[in-house]
Amino acid sequence: MHAPPKRAARRNTRPVRITVIAVGLALTAIPVTAYAGGLSHQAAPKPAAAAPKAAAATGLDDPAKKEIAMQLVSSAENSSLNWKSQYKYIEDIDDDRGYTAGIIGFCSGTGDMLDLVELYTERKPDNVLAKYLPALRKVNGTPSHSGLDPNFTKDWVKAASDSAFKKAQDDERDRVYFNPAVKQGKADGIGTLGQFAYYDAIVMHGDGGDSTGFSSIRKRALSKAKPPSQGGNEVTYLNAFLDARVWAMKQEEAHEDTSRVDTAQRVFLKKGNLNLDPPLDWKVYGDSFHIG
């Protein structure tokens, strides 16, 4: 059996980006590194009431938790906790989705890379990737590199040194993956760990109408257990969701290694760490990781 790719393949199930872009949540630079002493949270805003009171974390969208989420995904996608070094990443991993690139694995064959470059070009028309838009539109839905080779990968790396391109990657990640996962998780009454389980599922599977997309995974879980919003037990529901996720992963060869669930998310769940609080220890593809 061949080793699974470090970048997991995903489907062409991206929502269409509208003309007016809602800027996603910006990541706060929080040093949550491997074997760090701990996490530092942003100071909560002062309440209107006279007596000061610390605000509780809202979930995965708390800046410190979001940083953890990015490191967890990067451990599976890049075998590294240093997700911020991935803006420049680009390669064809032979998964029939063309080039895979950036912090969340935008693909030339699945539409989200096209959306990203269109956003970047709206904000900065004279950029090094703008000239590839006709080719990206043409290869969308295919594994082809037509019109992209031989210099697209070099120009992607150049663009990745531009803060505007990094911001575009952040915003598209939030719009397509992070924000929908957190919103649905909160609606289902699940906490930080559950919201991360949703996020990781959307990152890998997309959210289309096929049987292995996020919505179908969630529907499969709902047939087995009720979420807290419907009076169900959170741990029971999350186990059902992870079971459904594993089933979906096993439907494709590129996803057949389920360690990002079995030896990561499931480990946190078994420990009852529903708030995804450090220290965190997990394994992906046999590699061990730690956030202290």
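One is the number of the first residue; the rest follow in order along the sequence.
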* Asked: Checking side-chain contact (heavy atoms from CB on, under 4.5 Å) for the pair Asp243/Lys224: CA distance, chi angles, key distance, verdict?
  -> CA-CA 10 Å; Asp243 288 344; Lys224 302 294 183 181; over 6 Å; no

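- Counting heavy atoms from C-beta on, the side chains of Asp200 and Val73 come closer than 4.5 Å.
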* Asked: Between Arg175 and Leu119, is a side-chain contact (heavy atoms from CB on, under 4.5 Å) present by the stated rule, with each step listed?
  -> CA-CA 12 Å; Arg175 182 185 71 87; Leu119 175 60; over 6 Å; no

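- You'll find the side chain of Leu129 reaches within 4.5 Å of the side chain of Phe152, heavy atoms only.
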* To do: Show the numbers, then the answer: is there a side-chain contact (heavy atoms from CB on, under 4.5 Å) between Leu274 and Leu238?
  => CA-CA 10 Å; Leu274 300 178; Leu238 289 182; 4.0 Å; yes

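- Taking the six-membered ring where the residue is Trp, the centroids of Tyr99 and Trp156 are separated by 6.0 Å or more.
- Donor-acceptor pairing under 3.5 Å is lacking for the side chains of Asp257 and Tyr285.
- For the pair Ala130 and Pro134, the tightest heavy-atom approach, listed with the atom from each and the gap, is O-CD, 4.3 Å.
- The backbone N or O of Lys124 lies less than 3.5 Å from a partner atom in the side chain of Asn127, making a donor-acceptor pair.
- Residues Leu269 and Asn239 form a side-chain contact, since some pair of their non-hydrogen atoms from C-beta on lies under 4.5 Å apart.
- A donor-acceptor contact shorter than 3.5 Å links the side chain of Asn140 to the backbone of Gly111.
- The two residues Met113 and Cys107 have their closest heavy-atom pair at CB-O, 3.3 Å.
- Contact of the Lys283 side chain with the Asp262 side chain is not registered, since no non-hydrogen atoms from C-beta on lie closer than 4.5 Å.
- Looking at Glu172 and Asp112, their side chains never come closer than 4.5 Å, going by heavy atoms from C-beta outward.
- Judged by distance alone, the side chains of Ser80 and Asn82 never bring a donor and an acceptor atom under 3.5 Å apart.
- A side-chain hydrogen bond (donor to acceptor under 3.5 Å, both in side chains) with Asp61 holds for exactly one of Lys186, Lys183, Lys66, Gln195; it is Lys186.
- Using a 4.5 Å heavy-atom threshold, the side chains of Met204 and Met249 count as touching.
- Looking only at distances, no side-chain donor or acceptor of Thr192 sits under 3.5 Å from a matching main-chain atom of Leu276.
- In this structure, Tyr199 has its ring center at least 6.0 angstrom away from the ring center of Tyr177.
- Remark: the backbone N or O of Pro227 is not paired with any side-chain donor or acceptor of Asp188 at under 3.5 angstrom.
- Looking at Asp92, its side chain does come within 3.5 Å of a backbone N or O of Asp94 through a donor-acceptor pair.
- A donor-acceptor pair shorter than 3.5 Å can be found between the side chains of Tyr89 and Glu91.
- Rounded to the nearest 0.5 Å, atoms NE2 (His290) and CD (Gln71) are 11.0 Å apart.
- Annotation for Gly191 and Glu234: closest pair N-OE2, 2.7 Å, computed over non-hydrogen atoms.
- Side-chain atoms of Ser74 never come within 3.5 Å of backbone atoms of Met70 as a donor-acceptor pair (strictly under, hydrogens ignored).
- Inter-residue side-chain proximity for Lys131 and Asp155 is flagged as met; some heavy-atom pair is nearer than 4.5 Å.
- Here the closest heavy-atom approach between residue Ala135 and residue Ser146 is recorded as CB-O, 3.7 Å.
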* Asked: What do the steps show when you test Asp149 against Lys154 for salt bridge (Lys or Arg N to Asp or Glu O under 4.0 Å), and what is the final call?
  -> CA-CA 10 Å; Asp149 291 340; Lys154 294 178 182 179; over 6 Å; no

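- Between Ala197 and Arg245, the shortest heavy-atom contact is O-NH1, 4.3 Å.
- Val261 is not connected to Trp247 by any chain of hydrophobic side-chain contacts under 4.5 Å among Ile, Leu, Val, Met, Phe, Trp and Tyr, and they are in different clusters.
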* Asked: Given Glu77 and Gln86, is the side-chain contact (heavy atoms from CB on, under 4.5 Å) satisfied, shown in steps?
  -> CA-CA 10 Å; Glu77 298 278 314; Gln86 306 306 324; over 6 Å; no

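- A distance-only check finds a donor-acceptor pair linking the side chain of Asp207 to the backbone of Ser215 [under 3.5 Å].
- Of the N and O atoms on the side chains of Ser75 and Trp282, at least one donor lies less than 3.5 Å from an acceptor on the other residue.
- Within the 3.5 Å criterion, the main-chain N or O of Phe178 finds no donor-acceptor partner in the side chain of Asp174.
- Here the OG1-CD1 distance, from Thr153 to Ile90, works out to 6.0 Å after rounding to the nearest 0.5 Å.
- For the atom pair CG (Asp171) and CG (Asp115), the distance works out to 13.0 Å, reported to the nearest 0.5 Å.
- Using a 3.5 Å distance cut-off with no hydrogens or angles, the side chains of Asp170 and Tyr87 do pair a donor with an acceptor.
- Using a 30° and 60° split on the angle between ring planes, Tyr237 and Tyr198 fall in the perpendicular class, above 60°.
- By the 6.0 Å contact criterion, NZ on Lys166 is enclosed, its count of non-hydrogen atoms from other residues, nucleotides or ligands being greater than 12.
- Atom OG of Ser108 is separated from atom CG of Leu148 by 6.0 Å, given to the nearest 0.5 angstrom.
- Taken to the nearest 0.5 Å, the CG atom of Leu133 stands 15.0 Å off from the NZ atom of Lys138.
- Between Arg137 and Glu118, some side-chain heavy-atom pair lies under the 4.5 Å cut-off.
- One distance of note links OG1 of Thr263 with CZ of Phe289; it measures 10.0 Å at 0.5 Å rounding.
- Heavy atoms only, all atoms of each residue included: Ser216 and Ser211 are closest at CB-O, 3.3 Å.
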